[in-house]
Trainee: 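Have a look at this one.
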Amino acid sequence: MPKGYAMRLTRMFLPTLKESPADAEVISHRLMTRSGMIRKVAAGIYNLLPMGLRVIRNVERIVREEMTRSGAQEVSMPFVLPAELWKESGRWDVYGSELLRVQDRHGRDFCLGPTHEEVVTDMVRREVRSYRQLPLNLFQIQTKFRDEIRPRFGLMRGREFVMKDAYSFHSTDECAEREYRNMYDTYMRIFERCGLLFRAVEAETGQIGGSFSHEFMVLASTGEDAIAGCSSCPYAANTERAEIGEPVAGMGPSPPDVKEKAIEEVRTPGMKSVEEVSAFLKVPPARLIKTLIYSTDKGPVAALVAGDCEINEAKLKRAVGTETLALADEKAVGGATGAPMGFAGPVGLRIPLYADWAVRDISGGVAGANSADAHIINVAPGRDFKARYGDLRAIREGDPCPRCGSPIEIKRGIEVGHIFKLGAKYSAAMNSTFLDENGGARPFIMGCYGIGIGRTAAAAIEQNHDAEGIIWPRPLAPFDCHLVPVNVNDSETVKASEAVYSSLVEKGYDVLYDDRDERAGVKFKDADLIGVPVRITVSSKTLKEGAVEVKERKAEGARLVKTECLAEEVKKILAVKCAPGG
RNA sequence: CGGGGCGUGGCUCAGCCUGGUAGAGCACCGCGUUCGGGACGCGGGGGUCGGAGGUUCAAAUCCUCUCGCCCCGACCA
């Protein structure tokens, strides 16, 4: 077995902090800063100090090994990318201000790479001519730059960040889907090896595009994403994506005894929000027909949802079949409804109406009257307006699972990985083709697969910490053992500590040796903060019994272990959940 | 991009309203005591108060501009 990494704390560049900097609001950011892993250089841009880099390298190593094992090949593409490629794919204009653009001395346009579909597509189209050279999966672990509107949360959401991105090229859909499943399985292995609690969920494709995708979410209460999971079957999806089945007719929110009456206009001065109208007219929110006007590339449309529901814009976008979708501004609302914002309703509207299933079952509904300060009551969908019905609302806790009908649970997660089946989106746009069996030119079918390296490390902390500090899962831990001599002025203690130090390193463990002349309390606090899985405390007290103290970071108490049994004990502790090859 | 807030020693912050010689805690250096959960005493070093301009006898403090950073919002009428 190769020797482990030995480090004395008196020699290590490890500035720990008692207090956390004022700008760190999430726990991983605070703990990474306090434990001397990272330091901020500018908004969303960080230095990685030795302790932080060791963790990042651990994530990278696992990702690299599993990607390679799955058949992907590592490459390295540039960080500064020429504008031409981005203009060719069309994204130079649509990516927006997240794309940091720069010019060289000749005034030529470049950008800092936020992702590498264009470059890899260009690379492959230059070299790959035949279906015989396919499939191909190329990955890199590399720095990206996205000029986020609001960088925050340390490594969780920086502007500059390290990402593993992989791109696969195929001659057929079936082959691309096979690779998608291969990557899905690979990602499962990667995050399992990282020792994280996570879930793979169906996801929206967003800016990258493509036909379907999954996100890999580390479960943590502080996560930025909400995920919907079935309480009894494996269905799980990002709430942006999660489907809701068509409800059985007659099971709507309205009481069945509401009599069908003719519509009637009522004055509702200044009552715009669902809450105001509901309270004013004494009608439950579920009987309001919330009408939202959207501007799309197919012109204005109206979206109808029950007053107690939230619209899901991704679903609306799909239903309308539009590329762009944005809530209409005051002017556009006026143009479509003839009324100021807050009084739109479906009755008499001359633009396409898209309605959520739940609206169909409303009787005695209330909606805007399309004139200022007025609503209409006794609205009956079907009688008073016609709309295209579908699943348009955001999923909620307790909604039925679209697969099995059991109640949905909402949990929070941190997106650490995302896989996409892209299809021919980029290859077609960039005229990137190969020759098939019949000698015909066809665009590559592509997939792309990303993992946020730094975010994975941050997510591990969000998921594994306590009031004292980080509790590293062993595979990501910067060290295996944290060796603490209680008093470095006691020669017996030092002698025993040095012996433990060299013997554990000799056996292949990475050992952090706190040889500082500090009080025990200071060393213990730092040890808890840094979160190395095993702490070994050496003191004259226990040495009298020929023993040292072993404490697992994640466990409560410590126990005495005879020095001659220490190696065996450490091996036993670290073997639990020890990753293959790690 | 809109709103709000903050820039004072390496870190966390007070001082600003009401202008008058720049402070505390932590960290750092020295000496001593202490030594298993962020010790104590004594002594010490370190800050053009983000930058520029203005008002004033006098500006960290008031005014203007500027830069940086942080928070909220920028989809639910």
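Just so you know, these numbers come straight off a predicted model, no measurement behind them.
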Trainee: Quick check on RNA chain B: between A:S20 and A:F153, whose nearest nucleotide comes earlier from the 5' end?
Mentor: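 First, find each residue's nearest nucleotide; the 5'-ward one identifies A:S20.
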Trainee: Do the rings of A:Y389 and A:W357 sit parallel, tilted or perpendicular, given the 30° and 60° boundaries?
Mentor: parallel
Trainee: Just checking A:S540: base, sugar-phosphate only, or nothing, at a heavy-atom cut-off of under 4.0 Å?
Mentor: nothing
Trainee: Which whole-number value in Å describes the distance from A:R519 CZ to B:G38 P?
Mentor: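 Going from A:R519 (CZ) to B:G38 (P), I get 8 Å.
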Trainee: Any ion pair linking A:R8 and A:E498 (charged N to carboxylate O, less than 4.0 Å)?
Mentor: yes
Trainee: Using the side chain to side chain contact (heavy atoms under 4.5 Å, CB included) rule, pick out the option among A:I351, A:V333, A:L349 that qualifies with A:P300.
Mentor: A:I351
Trainee: A:D528 side chain to A:K525 main-chain N or O, any donor-acceptor pair under 3.5 Å?
Mentor: no
Trainee: As a test of reading the structure: which of B:G38, B:C35, B:C69 is closest to the side chain of A:A43, going by heavy atoms?
Mentor: B:C69
Trainee: Whole-Å distance between B:C70 P and A:E148 CD?
Mentor: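 For the pair A:E148 CD and B:C70 P, the rounded distance is 13 Å.
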Trainee: Checking all strands, does A:P15 fall into the base, sugar-phosphate, or nothing category for heavy-atom contacts under 4.0 angstrom?
Mentor: nothing
Trainee: Give me the distance, rounded to whole Å, that separates B:G68 from B:G45 when you measure between the P atoms they each carry.
Mentor: 36 Å
Trainee: Taking atom C1' of B:U34 as reference, at what distance in whole Å does atom CG of A:D490 sit?
Mentor: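 These atoms are roughly 15 Å apart.
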Trainee: Among B:G38, B:G36, B:U12, which nucleotide sits nearest the side chain of A:D526?
Mentor: B:G38
Trainee: Looking at the side chain of A:Y294, which of B:C69, B:C75, B:U34 is the nearest nucleotide?
Mentor: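 Among B:C69, B:C75, B:U34, the one nearest the side chain of A:Y294 is B:C75.
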Trainee: For nucleotides B:C11 and B:G32, find the distance between their P atoms and express it as a whole number of Å.
Mentor: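 Comparing P positions in B:C11 and B:G32 gives a spacing of 31 Å.
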Trainee: Atom NZ of A:K40 and atom P of B:C70: how far apart are they, to the nearest Å?
Mentor: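 The distance from NZ of A:K40 to P of B:C70 comes to 4 Å, rounded to the nearest Å.
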Trainee: Where the side chain of A:D528 is concerned, which of B:G38, B:G37, B:C76 is the nearest nucleotide?
Mentor: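 Nearest listed nucleotide: B:G37.
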Trainee: Counting Watson-Crick and G-U wobble pairs only, both distances under 3.5 Å, name the nucleotide matched with B:C28, or none.
Mentor: B:G44
Trainee: Enter the distance from A:I573:CD1 to A:E552:CD here, rounded to the nearest 0.5 Å.
Mentor: 4.5 Å
Trainee: Between the base of B:G38 and the side chain of A:R34, is there a donor-acceptor distance below 3.5 Å?
Mentor: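 Such a pair exists between side chain and base.
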Trainee: What is the pairing partner of B:G2, taking Watson-Crick or G-U wobble pairs with both distances under 3.5 Å in any strand?
Mentor: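 Because both required distances fall under 3.5 Å, B:G2 counts as paired with B:C72.
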Trainee: If I take atom CG in residue A:D23 and atom P in nucleotide B:C70, what distance separates them, rounded to the nearest angstrom?
Mentor: 6 Å
Trainee: Between C1' on B:C76 and NZ on A:K317, what's the gap in Å once rounded to a whole number?
Mentor: 17 Å
Trainee: Of all the choices, B:C76, B:C69, B:C35, which nucleotide is nearest to the side chain of A:L292 once you look at every atom?
Mentor: B:C76
Trainee: Please state the C1' separation for the pair B:C67 and B:A52 - nearest whole angstrom.
Mentor: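 Between the two C1' atoms, the distance is 10 Å.
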Trainee: What is the base-pairing partner of B:U18, counting Watson-Crick and G-U wobble geometry with both distances under 3.5 Å?
Mentor: none
Trainee: Could you say whether A:E313 or A:F524 is positioned toward the 5' end of RNA chain B, judged by the nucleotide with the nearest heavy atom to each?
Mentor: A:F524
Trainee: Starting from C1' on B:A39, measure out to NZ on A:K523 and report it in whole angstrom.
Mentor: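 From A:K523 NZ to B:A39 C1': 15 Å.
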Trainee: Please determine, for the side chain of A:V522, which listed nucleotide (B:C35, B:A39, B:C76) has the closest atom?
Mentor: B:A39
Trainee: Which part of the nucleic acid does A:V333 contact within heavy-atom distance under 4.0 Å: base, sugar-phosphate only, or nothing?
Mentor: base
Trainee: Look at the side-chain N and O atoms of A:R152 and state whether any lies under 4.0 Å from the OP1 or OP2 oxygen of B:C72.
Mentor: yes
Trainee: Provide the distance between the two C1' atoms, one in B:C35 and one in B:U21, to the nearest whole Å.
Mentor: 43 Å
Trainee: Base, sugar-phosphate, or nothing for A:A344, non-hydrogen atoms under 4.0 angstrom?
Mentor: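 A:A344: no heavy atom of the nucleic acid under 4.0 Å.
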Trainee: My understanding is that a pair needs two contacts under 3.5 Å, Watson-Crick or G-U wobble. By that rule, which nucleotide pairs with B:C35?
Mentor: none
Trainee: Using the C1' atom as the point on both nucleotides, what is the distance between B:U12 and B:G7, in whole Å?
Mentor: 14 Å
Trainee: Please give the distance between the P atoms of B:U61 and B:C49 as a whole number of Å.
Mentor: 9 Å
Trainee: Between B:G15 and B:U55, how far apart are the C1' atoms? Round to whole Å, please.
Mentor: 22 Å
Trainee: Taking the basic N atoms (NZ, or NE/NH1/NH2) and the acidic carboxylate oxygens, is any pair closer than 4.0 Å for A:R559 and A:E569?
Mentor: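 Between A:E569 and A:R559 there is a salt bridge, with a charged N closer than 4.0 Å to a carboxylate O.
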Trainee: Determine the Euclidean distance between corresponding P atoms of B:C42 and B:G25; express it in Å to zero decimal places.
Mentor: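 Here B:G25 and B:C42 have their P atoms 11 Å from each other.
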Trainee: Of all the choices, B:G36, B:C71, B:G37, which nucleotide is nearest to the side chain of A:A520 once you look at every atom?
Mentor: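 Between B:G36, B:C71, B:G37, the one nearest the side chain of A:A520 would be B:G36.
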Trainee: Taking the side chain of A:N489 as heavy atoms from C-beta outward, which of B:C35, B:C71, B:G36 is closest to it?
Mentor: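 Nearest to the side-chain atoms of A:N489, counting from C-beta on, is B:C35.
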Trainee: Please determine whether any donor N or O and acceptor N or O are separated by less than 3.5 Å between the side chain of A:R535 and the base of B:G37.
Mentor: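 Looking at the base of B:G37, it does pair with a donor or acceptor on the side chain of A:R535 (distance under 3.5 Å).
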Trainee: With a 3.5 angstrom cut-off on both distances, give the Watson-Crick or G-U wobble partner of B:C13, or none if there isn't one.
Mentor: B:G23
Trainee: Donor-acceptor pair under 3.5 Å: do we get one between A:E549's side chain and the base of B:G36?
Mentor: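 Looking at the base of B:G36, it does pair with a donor or acceptor on the side chain of A:E549 (distance under 3.5 Å).
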Trainee: Looking at A:K554 and A:D466, is there a salt bridge between them, counting it only when a charged N and a carboxylate O are closer than 4.0 Å?
Mentor: no
Trainee: Just the rounded figure in Å: distance from P of B:C26 to NZ of A:K18.
Mentor: 7 Å
Trainee: Applying salt bridge (Lys or Arg N to Asp or Glu O under 4.0 Å) to A:R146 and A:E160, what does each step give before you reach the verdict?
Mentor: CA-CA 7 Å; A:R146 291 180 192 169; A:E160 186 182 291; over 6 Å; no
